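Notes to accompany the following structure.
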Amino acid sequence: MRSLVAPSFGDPSVYDVVDFPTPIITSPTQVLIKVAAASINGHDIVMASGKTKMVQSLPLPYPIGLDFAGTILELGAEVTAFAKGDEVYGFTAKGGAASTHLLLDTRHRDAAFAKIPKGLTMVEAASLPAVAITAATALKRADEYFKSLSSSSETSGLQGKTVFIPGALSGVGSIALQIAKHQYNCRTLTAVSTSKLPLIEKSLGEGVVDQAIDYTVQTDIVTAIGKGTVDFVLDTTGLAADYLPLLRRSGLCLSIARLPPGSALKNEDPDAPAQSRVACIGQNVMDGLDAAFRAWAKTRWGVVYVYQKTEPRSEDVEEVSGLVGKGWVRPVVGRTVGLEDEEGVREGCMQMFKGKGGVGKFVITAE
Ligand SMILES: NC(=O)c1ccc[n+]([C@@H]2O[C@H](COP(=O)([O-])OP(=O)(O)OC[C@H]3O[C@@H](n4cnc5c(N)ncnc54)[C@H](OP(=O)(O)O)[C@@H]3O)[C@@H](O)[C@H]2O)c1
């Protein structure tokens, strides 16, 4: 099989497409998938850069790709929910989805997949799992948070609240804004760069975004939106510290892009290699920094801050299928490149590495 890997830690210029023996089923709980498409996430790029290698153990060559869509080629006797030939999409925390073949073990927590919802192409399906699960989970947590507040005016949870979700055409932002509008009827605010403003309605649908700010022109986001006017911020850029003044007292900021707590880097897989002493110390320091930021958000702004790490769970992939089925989520696919176009693959990944300019998801096809 052919796989996209980082042979050594570095930016996407080091990535290579290499040959590995095609995996075979060796356990009754495994599934072998012929991958048709895989999408790239910020997680792939950060892990392959080696930025976190001091605080978590990472394999080399580093396998790229969390999200996939493809067809089941073979499956073990204990996998009864699927059959050969089923078209599935999902998320593997172990990486390696940007390959022609993918072996998953349904016994492990790193494998989450479901049948592809009707009407989605393989490319569209591969674009969704990680970002849609992240977006749906974040909004559900916000809904639960507002429901948990004792005031009777909060019993409606996130329904009708004002939310700020920067990056309307980013992977997570594009899906989160759609869910915030269609499922929770929120007032939706976002920030994008100039060239993306005219693309919002076409990509997300009419009326999904109520107010879009060009953050390259209105650089002070708090002045542009108004201090204390927002209930929920989904921080997709890592700028949570700048966004906190936007929130009303008791508002919630959930970040997916700031420095995570160290505990979010722990690999819970029972087969994972033991962590080094240095990694454990580094994780404790990161836990401390996260706790200090949470305390500062509370005392300085009277708001709640929380970091979210997305974990693969098959029920969450099913939930994404439900959102697609209701017409509440439509995929936003930007660039698509074949696995064999190594230069194109590196270019697409490099755009993500730079964190600017991308529209929707970057998808690699492997047919
Ligand atoms: N914790 C988790 O479990 C989890 C899960 C998924 C993603 N993430 C992380 O969340 C972040 C977002 O992921 P993604 O997949 O949505 O990223 P993405 O698709 O690569 O989008 C990033 C976009 O953010 C925009 N951007 C940069 N600075 C901005 C600013 N100041 N204001 C508004 N937009 C800005 C850029 O658009 P312009 O070209 O317009 O600047 C860029 O295209 C990444 O850091 C990723 O690693 C974490």
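Quantities reported herein were computed from a predicted structural model and do not represent experimental measurements. Here, residue 1 is the first one in the sequence, and each next residue gets the next number. Every number for a ligand or one of its atoms is a count from 1 in the order of the listing.
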Exercise. If you measure from atom 21 (O) of ligand 1 to every heavy atom of Gly42, Gly360, Gly238, Ser170, which option wins on shortest distance?
Worked result: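 Selected option, by shortest heavy-atom distance: Ser170.
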Problem set entry | Nearest-option assignment for atom 16 (O) of ligand 1, heavy atoms, candidates Leu234, Val172, Leu254 |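 Considering heavy atoms of Leu234, Val172, Leu254, the nearest to atom 16 (O) of ligand 1 sits in Val172.
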For this session: Check for a donor-acceptor pair, side chain of Glu319 on one end and backbone N or O of Ala136 on the other, with a separation under 3.5 Å.
Result: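 Not at all, since once roles are kept as given, no pair shorter than 3.5 Å links the two residues.
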Problem set entry | Side chain Asp19, main chain Arg2, donor-acceptor under 3.5 Å |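 Between the backbone of Arg2 and the side chain of Asp19 there is no qualifying donor-acceptor contact (under 3.5 Å).
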Exercise. Which of these, Lys140, Lys147, Arg141, sits in a salt bridge (charged side-chain N to carboxylate O under 4.0 Å, His left out) with Asp143?
Worked result: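 With Asp143 as partner, Lys140, Lys147, Arg141 yield a single salt bridge (charged side-chain N to carboxylate O under 4.0 Å, His left out), made by Lys147.
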Counting from 1, what ligand 1 atoms have a heavy atom of [X] closer than 4.0 Å?
{"X": "Thr134", "value": "5 (C), 6 (C)"}
{"X": "Met352", "value": "20 (O)"}
{"X": "Gln308", "value": "1 (N), 2 (C), 3 (O)"}
{"X": "Gly358", "value": "43 (O)"}
{"X": "Tyr307", "value": "1 (N)"}
{"X": "Lys309", "value": "1 (N), 3 (O)"}

Does any N or O of ligand 1 fall below 3.5 Å from an N or O anywhere on [X], backbone included?
{"X": "Gly173", "result": "no"}
{"X": "Ser193", "result": "yes"}
{"X": "Gly171", "result": "yes"}
{"X": "Val192", "result": "no"}
{"X": "Gly355", "result": "no"}

[X] and ligand 1 - part of the residue with a heavy-atom distance under 4.0 Å:
{"X": "Lys356", "answer": "both"}
{"X": "Lys196", "answer": "side chain"}
{"X": "Leu239", "answer": "side chain"}
{"X": "Thr237", "answer": "side chain"}
{"X": "Thr310", "answer": "both"}

Around [atom], find the nearest protein heavy atom and jot down its residue, atom name and distance.
{"atom": "atom 33 (C) of ligand 1", "answer": "Ala191 O, 3.3 Å"}
{"atom": "atom 11 (C) of ligand 1", "answer": "Thr236 O, 3.3 Å"}
{"atom": "atom 39 (O) of ligand 1", "answer": "Gly357 N, 2.5 Å"}
{"atom": "atom 9 (C) of ligand 1", "answer": "Ile256 O, 3.5 Å"}
{"atom": "atom 45 (O) of ligand 1", "answer": "Ala257 CB, 3.8 Å"}
{"atom": "atom 34 (N) of ligand 1", "answer": "Tyr215 CE2, 3.6 Å"}

Side-chain donor-acceptor contact under 3.5 Å, [X] with [Y]:
{"X": "Gln30", "Y": "Thr26", "result": "yes"}
{"X": "Asp110", "Y": "Thr92", "result": "no"}
{"X": "Tyr215", "Y": "Thr237", "result": "no"}

Under 3.5 Å, sequence neighbours excluded: what are the donor-acceptor pairs made by side chains of residues 193-200?
from   : atom 1 : to     : atom 2 : distance (Å)
Thr194 : OG1    : Asp214 : OD2    : 2.7
Thr194 : OG1    : Thr216 : OG1    : 3.1
Lys196 : NZ     : Gly358 : O      : 2.7

For this session: Please confirm whether Arg187 makes a cation-pi placement over Phe164, using NZ or CZ under 6.0 Å from the six-membered ring centre and within 45° of the ring normal.
Result: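 Judged by the rule, Arg187 and Phe164 form no cation-pi pair.
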For this session: Measure from NZ or CZ of Lys161 to the centre of the six-membered ring of Phe146, then state whether that distance is under 6.0 Å and the direction lies within 45° of the axis.
Result: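 Judged by the rule, Lys161 and Phe146 form a cation-pi pair.
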Exercise. In terms of heavy-atom contacts, does CD of Glu206 have more than 12 from other residues, nucleotides or ligands at under 6.0 Å?
Worked result: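 Check fails, neighbour count at 12 or below.
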Exercise. Would the number of heavy atoms belonging to other residues, nucleotides or ligands and lying under 6.0 Å from NZ of Lys53 be above 12?
Worked result: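 Atom NZ in Lys53 is not crowded, with 12 or fewer foreign heavy atoms closer than 6.0 Å.
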For residues 286-297, please give each side-chain donor-acceptor pair under 3.5 Å, one per line with the distance, not counting sequence neighbours.
from   : atom 1 : to     : atom 2 : distance (Å)
Asp287 : OD1    : Gly262 : N      : 2.9
Asp287 : OD1    : Ser263 : N      : 3.0
Asp287 : OD1    : Ser263 : OG     : 3.3
Asp290 : OD2    : Arg294 : NE     : 3.1
Asp290 : OD2    : Arg294 : NH2    : 3.4

For this session: Might you point out which heavy atoms bring Gln308 and Thr134 nearest each other, and give the distance in Å?
Result: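 Closest heavy-atom pair between Gln308 and Thr134: NE2-O, 3.2 Å.
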For this session: Decide yes or no on side-chain hydrogen bond (donor to acceptor under 3.5 Å, both in side chains) for Asp316 and Ser314, but give the supporting numbers first.
Result: CA-CA 5 Å; Asp316 293 335; Ser314 292; over 6 Å; no
